[in-house]
Structures are given as structure tokens and as C-alpha cells.
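Here is the structure we will look at.
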Amino acid sequence: MKSLSKKILFICTLLIIISELTSAQDNISYGTGQWNYDGLGNLRAVIYVEKPSDAVKVFVPWRRLDNVDDKNLILVDALTNKVIKNIYCTQKNKDFGEIVFQPVSGEGKYYLYYMPGKTAGNWWFPDATYDKPADTFDPVWKLSTSNKIDNQLAKTIAFESKSDYHSFYPMEVPVTQKELDELLIKNKDKEFLIFPENRNFPVHMTETIPLRWYRKGAGSDFEGFAMKNESYSWQLGIFSPFRELNDLKLTFYDLKNENGDILSSKSLKCINMGGTDHLGNKFVKNVTVPKGEVRSMWIVTDINAEQASGTYFGKVMVLAKGTKSYAVNVKLQIKNEVAGNRGYNTPQNQSRLNWLDSEMGNDNKIVAPFIPVKLDGKTVSIFGRKLVFDEFGFPSKITSSFTGSNHSVDGPDKNILSAPVHLDVIQNGEIIRFSSAEPEIIFQSDGAVEWQTLLKSNNIHIIVKAKMECDGYINYETKIKAKSDINLDDVQLVLPYEKTTAKYLMGMGKQGGYIPEKLEWKWQQEYANNMLWIGDVNAGLQLKLKHIYPDWKLFTFEKVGPYRDWSNEGKGGCNVISTKKEVVVTAYVGEKNMQKGDAMVLNFGLLITPFKTLDDKHWNERYYHADNNPVTAAKNGATIMNIHHANVYNPYINYPFLSGDTLKSVIKEGNKLGIRTKLYYTVRELSTHACELWAMRHLDDEIYSRSNVLGLADTHEKKTLTAFMG
């Protein structure tokens with residue numbers, strides 16, 4: 001009985017504490033304020049003292065996920081703007097702080113800066129350092145007031161950030177541990193919790209849920225408002241407190257309105273579960289939610305312009321491997337209004353998430369100055385260049401008709417190869433001989449042509465698939481399959497270059513310059529330099545050794561390692577040998593033992609250069625990079641003005657160009673003065689002002705690269721996230 005009484009008393013006490021904390025939080029507002037944040041930080045609590053006193057105690061429910069113990073507290077008197085020295089903590093944890101201080105100006109407001117620090121690093125790559133805790137109180141004051149602290153005179157009335165951008169409210173204001181325990185007790189019969197959420201509150205945190213969800217409760221219905229012709233996004237927050245979830249799936253059902261109109265289930269897709277990659281290929285992902293973490297499942301609803309307005313009802317079923325299926329009721333009101341441009345013009349509404357599955361650029365269409373690809377037998381002709389493939393599917397001849405100055409493609413054909421490209425499979429010191437059928441043309445359009453062939457020997461089959469595009473790029477997918485157990489001495493891709501054409505070389509760790517007599521290259525984890533170009537100014541060929549699947553590493557192989565089959569556990573590499581007659585590039589695999597059924601994938605890409613003729617108008621172009629003023633640019637004789645980022649016209653790097661109206665005005669002004677305008681844009685970094693930042697965060701490493709860890713300011717987000725695009 002005593003044990004039971006203790007448990008009841010503990011639960012009652014816990015509920016009282018939760019009630020007090022929730023009540024205190026309900027009366028607190030969140031907003032923005034103005035202050036010199038350097039040294040004080042981006043966040044503060046606003047405390048109000050009701051009457052003069054020598055010492056007051058205030059409860060500050062700051063709800064934090066950062067390391068509270070290693071940060072200082074700075075209290076500023078709002079009336080005098082002076083720092084108060086007499087301040088100390090009686091309690092300090094991630095949920096709240098209990099703070100005693102001397103309100104020197106009596107009644108009024110006081111500002112508690114609870115993450116004070118300074119911005120360090122470079123302006124283009126800032127970092128943050130935080131002040132360490134420091135006692136500034138007078139010990140005599142503390143001792144003299146220890147028995148007469150007024151507990152009821154001070155209260156926290158607001159939390160403020162220096163801007164909306166720096167605010168944690170509402171999606172980074174976490175539940176307390178007590179609130180979380182209460183929620184889990186209420187939902188102990190569920191295997192995971194579902195929190196429907198609309199598009200304007202993207203889920204930020206992965207390690208816990210926000211206070212907003214605690215107040216709404218788990219298992220609520222979703223209700224949203226959309227327009228016709230809109231790409232409408234919304235989300236289901238999945239919290240897995242009890243176990244890891246694997247193979248999380250959403251199943252959609254038709255939505256129907258009161259008139260019987262249907263919004264088909266095919267109109268809804270969850271972008272976390274898969275999509276379309278940059279090559280236009282469909283892919284499926286296994287979504288995992290680690291124990292104790294949160295994932296936001298983003299749903300894109302494709303509403304066409306003809307969809308009838310009304311209130312649609314339906315459901316989504318959610319389950320993971322080995323769990324029950326849980327239903328989420330959906331109520332979607334489609335207004336009798338048509339969204340312009342699918343809603344893309346309002347990025348805050350997350351409509352652009354639909355772009356992640358865009359197939360734009362994968363349509364094999366041509367653009368100027370390229371011409372339609374022409375196929376005549378085994379000869380592929382493109383703008384200024386030709387490729388002839390042999391019965392094995394590999395290039396037997398590549399030529400360029402660009403003139404020496406690259407002003408025209410009317411010059412004589414210039415050989416880039418001295419002999420056919422070949423793939424040699426070597427066993428017991430002998431090259432295995434293969435038979436082949438004639439290559440089959442499997443695709444042809446104005447923009448590309450694709451062929452495939454099968455090479456056969458007693459123990460080895462090779463599937464060779466190639467696609468040549470109108471710009472001169474040829475992608476080779478080569479798969480070697482063992483029909484029985486076999487030990488190979490080596491597999492070599494050999495490219496013999498015409499000596500008179502092969503004047504210059506660049507790549508594989510070698511800076512651009514004249515062809516060396518010899519170059520030896522090996523795969524290294526630290527350097528993603530698996531490309532090589534050899535040629536002359538008007539005729540050349542690049543070779544890129546490729547992974548078994550598309551991979552776009554710029555610097556290192558830290559994430560995937562040296563490419564599996566080409567590197568062959570360190571045995572593979574590439575050699576360049578220059579003789580009097582030719583320059584031979586040999587990419588090799590080294591010794592390889594294959595069991596029956598094994599496959600080796602040796603993909604590579606070829607790029608025939610140059611691409612376009614030289615436009616002499618380039619010499620008349622003058623670039624201006626200074627103050628982004630078209631008038632000044634024109635006065636300085638410029639014809640092109642480059643607008644970089646971090647300025648009034650274009651505040652943020654790269655996408656999202658949120659200052660569209662401002663940019664339009666300066667571009668229009670420049671056009672009147674004969675000034676063309678270019679916007680700075682790369683794909684390496686992504687601004688944290690991108691509205692879709694947090695949605696993409698919940699796609700794991702589909703967008704973001706996790707290969708580097710940056711020193712970022714403390715936020716309610718794990719530091720494994722980097723700012724680099726994957």
C-alpha cells in the first residue's frame with residue numbers, strides 16, 4: 001500500500017508541475033525585438049517586475065535543446081540599457097531556468113539574453129562562439145537577500161528574437177520531458193505517433209516534437225485549404241518513441257466531395273518514399289525513422305485546373321514494417337479559385353517541392369547551336385563532330401571538323417583516335433576473344449541516339465550500352481557478367497589518341513599543359529580526380545571513369561569510397577603512355593576473381609570537344625561586378641552587369657531569389673541602358689533562407705551531403721547537417 005501511495009503521490013506531483021509549466025507557457029508571447037545582437041545573441045526573454053525589490057526570482061521556461069550549461073546569461077535593464085551584475089541561477093536545465101536577480105530600476109522590463117555570443121569566421125562563412133558562464137554577483141548581496149527573495153514579483157511575459165528568421169517559434173519550441181512523458185502515457189497503445197501538419201509549419205526538429213504538437217495531441221485529422229491548378233503540399237509528422245521504424249509507407253485513397261466529385265489517389269505522392277532522379281529514372285526509398293526521432297513525410301497533391309471546388313474527404317494509411325496500419329482522416333477544401341503558375345510564385349507554400357521530380361532537361365531536345373543528331377549506319381554526326389562505332393559498340397573513329405580558330409565547323413575532319421577504343425578482358429596472359437551481333441539501335445531522337453550490343457565468350461558476357469547526345473557527350477554503361485567461375489588477370493579500357501591531335505592533357509591530378517611522356521594514376525579516397533582530357537584546341541576527347549550508379553563527387557570519395565569495380569580494392573588505376581605514333585590511355589582494373597553470376601560494372605563517359613564555335617562578340621563584352629547600379633555600369637563602359645549575392649538586390653546566395661520584384665526593376669533599368677544582367681548562381685551551396693530547406697532536410701541525404709561537418713551556431717538541429725547540395 002505504501003508503494004502504491006508513493007506512486008499516486010508522484011503522479012499527482014508530476015501533473016501539478018506539468019500544469020504549472022503549461023499555464024506559464026500559455027501566457028507568454030513570441031515575437032521580435034530590436035537590439036545590438038553582437039555579444040548578446042539572437043534570442044532573449046522579456047521579464048516584467050511588478051514592484052521594487054532588492055531580489056526577485058523569475059521562472060523562465062525557455063525550452064531549449066542546446067547545451068545550457070556552457071552558456072552565459074546576460075540581464076539588461078530595459079530602462080537604462082545597463083547590464084545587471086547581481087544575477088544567479090537556482091535551477092538551470094533545458095526546460096527552464098530559475099533565476100534570482102536585483103531589479104535595480106524597480107518596476108519594469110528586463111531582458112534576459114540566454115544565448116549570448118559573437119559571430120566569428122569570415123563574412124561569407126560565419127561561425128558562432130558563445131560566452132561561457134561567469135558569476136558577476138556580489139557575494140554580500142546574495143547572502144543578505146537569500147532569505148527575502150520575492151517569488152511573486154517577476155514573471156516571463158515574452159520571448160523575442162532579433163528577426164522572424166532567427167525565431168525558434170513555433171516549430172523549434174520543444175516539449176519538456178514531463179510533457180513528453182504525459183503524451184506517451186496517453187498513447188502507450190500506439191506503435192508510433194502521427195501529427196498532421198500544414199505546409200506553412202515545416203518540421204524542423206528531428207530529436208523531439210514541438211510544443212505545438214503536444215497541445216494538438218497525436219492522431220488528429222488533417223485539414224487544409226487549396227486552389228485549383230495548385231501543387232499543394234502538406235505533411236505528416238511521424239514520431240517513433242518506442243522503436244525504430246523501417247520501410248515506412250503511406251497509402252493514399254481517393255478523396256470525394258459532397259457532390260461525388262473525386263480527387264484521385266494518383267494525384268497524391270509522398271516525396272520521401274521516392275520520385276524521379278536527375279536522369280529521369282524512377283526510384284524508391286526505404287524510409288527509416290530511428291527510435292526517439294521525428295521525420296516529416298511531405299505529401300504533394302496535384303490539383304488540376306478542372307478539379308471541381310468543394311470540401312473533399314478521404315484518408316491516408318500509414319504503416320511500417322511489422323507495425324499496424326494507422327488511418328489519418330483528410331479534409332481538403334478546394335476553393336473556386338485558380339492558382340497562378342501552380343502556386344510556384346509563393347515559395348513559402350512549398351509548392352516547388354514538386355520540382356524535385358521534374359523531368360525538365362531530360363527530353364532529348366536540342367538547343368542552339370546544336371543540330372539534330374544524324375545516324376547513318378554506324379556513323380553518328382553532330383555539330384562539327386562525328387563518331388563511328390564498331391561491331392562491339394565502342395568508338396572506332398572520332399573526328400572534329402572545327403577549324404583551327406574554332407570560328408567554323410567547315411574544316412577538314414581531324415582524327416582524335418588513332419585506332420578503335422577497345423575493352424580487353426585478359427586471362428592467363430591472353431586477351432579473350434568475343435563474338436557479337438550487330439549493335440541494336442534502341443532509341444533515336446533529334447537530341448540523342450542510343451545503341452546496345454551483347455559480347456559473348458565461353459565464360460564471359462558483356463553488355464555494352466551507349467547513348468550519344470547532340471552536344472558530344474557519350475555515356476557508356478558496360479556490364480561484365482561471369483557465366484562460370486573465372487580468374488582474370490586484368491580488364492582494360494584502352495583509348496588510343498592520334499599523336500598529332502593529342503597535344504595537351506589535363507586531369508587525374510595533372511594540371512593542364514603539354515602531354516607528358518608518362519602519367520600513372522591510382523584511385524585515392526582523398527581526391528575525386530577520375531577525369532582526363534587529351535587533345536588540341538579544336539579536337540579533343542575527355543574520359544570520365546564512373547561509378548556503378550550516378551555520382552557527382554567534386555573533391556573526395558569520402559562518402560562512397562573509390563568506385564567499386566574500377567578501383568577493385570586498390571588494384572585499379574589509369575596510365576597514359578606517349579609514343580612517337582600515338583598517346584595511349586589505359587584504364588585498368590587489375591586481377592579479379594569472379595564467381596558464376598558475378599557482375600562487374602565499368603561505366604564511363606566520353607566528351608568530344610570543342611562544343612561550339614567561337615563567338616567574336618565575346619571580345620566586346622565588358623563585365624561589371626561592383627555596386628549593381630546599371631547607371632554606373634554604363635558609365636564605366638560595361639555591357640553586362642553581374643549581380644552577386646549578399647546585397648540589397650539579391651540578399652541570399654543562389655536559389656531562392658526571394659527578391660524577385662527588386663531584381664526585375666534593376667534588370668529593366670539595365671535593359672534601357674543596353675546592359676545585360678546576370679545573376680550569381682552555382683549549385684554548391686544553398687541559402688538557409690530557402691523556404692524548402694526543412695522539407696529537404698527530411699529527405700535524408702537525397703539532397704544534402706553529409707560528408708562534411710560544419711561549425712554552425714547552436715540551433716535546435718543536429719550538426720550533422722551541412723549546407724552543401726548533394
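In this text the structure is predicted, and so the values were computed from the model without any measurement. All residue numbers in this chain count up from 1 along the given sequence.
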- [ ] Check whether NZ of the Lys or CZ of the Arg K162 lies under 6.0 Å from the centre of the six-membered ring of Y37 and within 45 degrees of that ring's axis.
- [x] yes
Open item on the list: I'd like to check V318 versus I238 (side-chain heavy atoms, cut-off strictly below 4.5 Å). Are they in contact?
Closed with: yes
- [ ] May I ask you to test the N93-D69 pair for a side-chain heavy-atom distance under 4.5 Å?
- [x] no
Task: Criterion ring pair (Phe, Tyr, Trp, His ring centres under 6.0 Å) against W62, the qualifying member of Y169, Y114, F159, F96 - done: Y114
Open item on the list: The test is side chain to side chain donor-acceptor pair (under 3.5 Å); show your working for Q152 and E50 and say whether it passes.
Closed with: CA-CA 9 Å; Q152 306 299 324; E50 296 179 351; over 6 Å; no
Open item on the list: Checking the side chain of N86 only, and the main-chain atoms of D138 only, is there a donor and an acceptor separated by less than 3.5 Å?
Closed with: yes
Open item on the list: Whether the side chain of W213 engages the backbone of E197 through a donor-acceptor N/O pair (distance < 3.5 Å, no angle test) should be reported.
Closed with: no
Task: Sidechain N-carboxylate O distance under 4.0 Å for E692, R199 - done: no
Open item on the list: Taking H166's backbone N and O only, do any of them form a donor-acceptor pair with N42's side chain (distance below 3.5 Å, no angle check)?
Closed with: no
Task: Short side-chain to backbone donor-acceptor contact, K142 and Y88, under 3.5 Å - done: no
TODO: Test the R44-Y111 pair against the cation-pi criterion, namely NZ or CZ under 6.0 angstrom from the six-membered ring centroid and within 45° of the ring axis.
DONE: yes
Task: Neighbour count above 12 (heavy atom, 6.0 Å) for K190 NZ - done: yes
- [ ] May I ask you to say whether K71 pairs ionically with D66, meaning some side-chain N is under 4.0 Å from a carboxylate O?
- [x] yes
TODO: State yes or no: are the ring centers of Y680 and H645 separated by less than 6.0 Å?
DONE: yes
Open item on the list: Using only atom types and a distance under 3.5 Å, with no angle test, would you say the side chain of N198 pairs donor to acceptor with the backbone of N200?
Closed with: yes
Open item on the list: Do the side chains of K285 and E702 get close enough for a salt bridge, i.e. N-O under 4.0 angstrom?
Closed with: yes
Task: Charged N-O contact under 4.0 Å between K186 and E182 - done: yes
Task: Note: R295-E293 ion pair, threshold 4.0 Å (strictly below) - done: yes
TODO: Evaluate the side-chain proximity of V56 to I149: yes if any heavy-atom separation is below 4.5 Å, no if none is.
DONE: no
TODO: Check for a donor-acceptor pair, side chain of E172 on one end and backbone N or O of R64 on the other, with a separation under 3.5 Å.
DONE: no
Task: Aromatic contact, F222 with W234 (centres under 6.0 Å) - done: yes
TODO: Kindly indicate whether a cation-pi arrangement holds for R243 with F192, taking the cut-offs as under 6.0 Å to the six-membered ring centre and within 45° of the axis.
DONE: no
TODO: May I ask you to decide if A134's main-chain N or O and N72's side chain share a donor-acceptor pair within less than 3.5 Å?
DONE: yes
Open item on the list: Whether the side chain of S351 engages the backbone of Y232 through a donor-acceptor N/O pair (distance < 3.5 Å, no angle test) should be reported.
Closed with: no
Task: Residues K118, D131: salt bridge by 4.0 Å N-O rule - done: no
TODO: Would you check if R697 and T206 make a side-chain contact, meaning some heavy-atom pair closer than 4.5 Å?
DONE: yes
Task: Test salt bridge (Lys or Arg N to Asp or Glu O under 4.0 Å) applied to K51 and E107, step by step - done: CA-CA 5 Å; K51 294 179 181 180; E107 180 183 354; over 6 Å; no
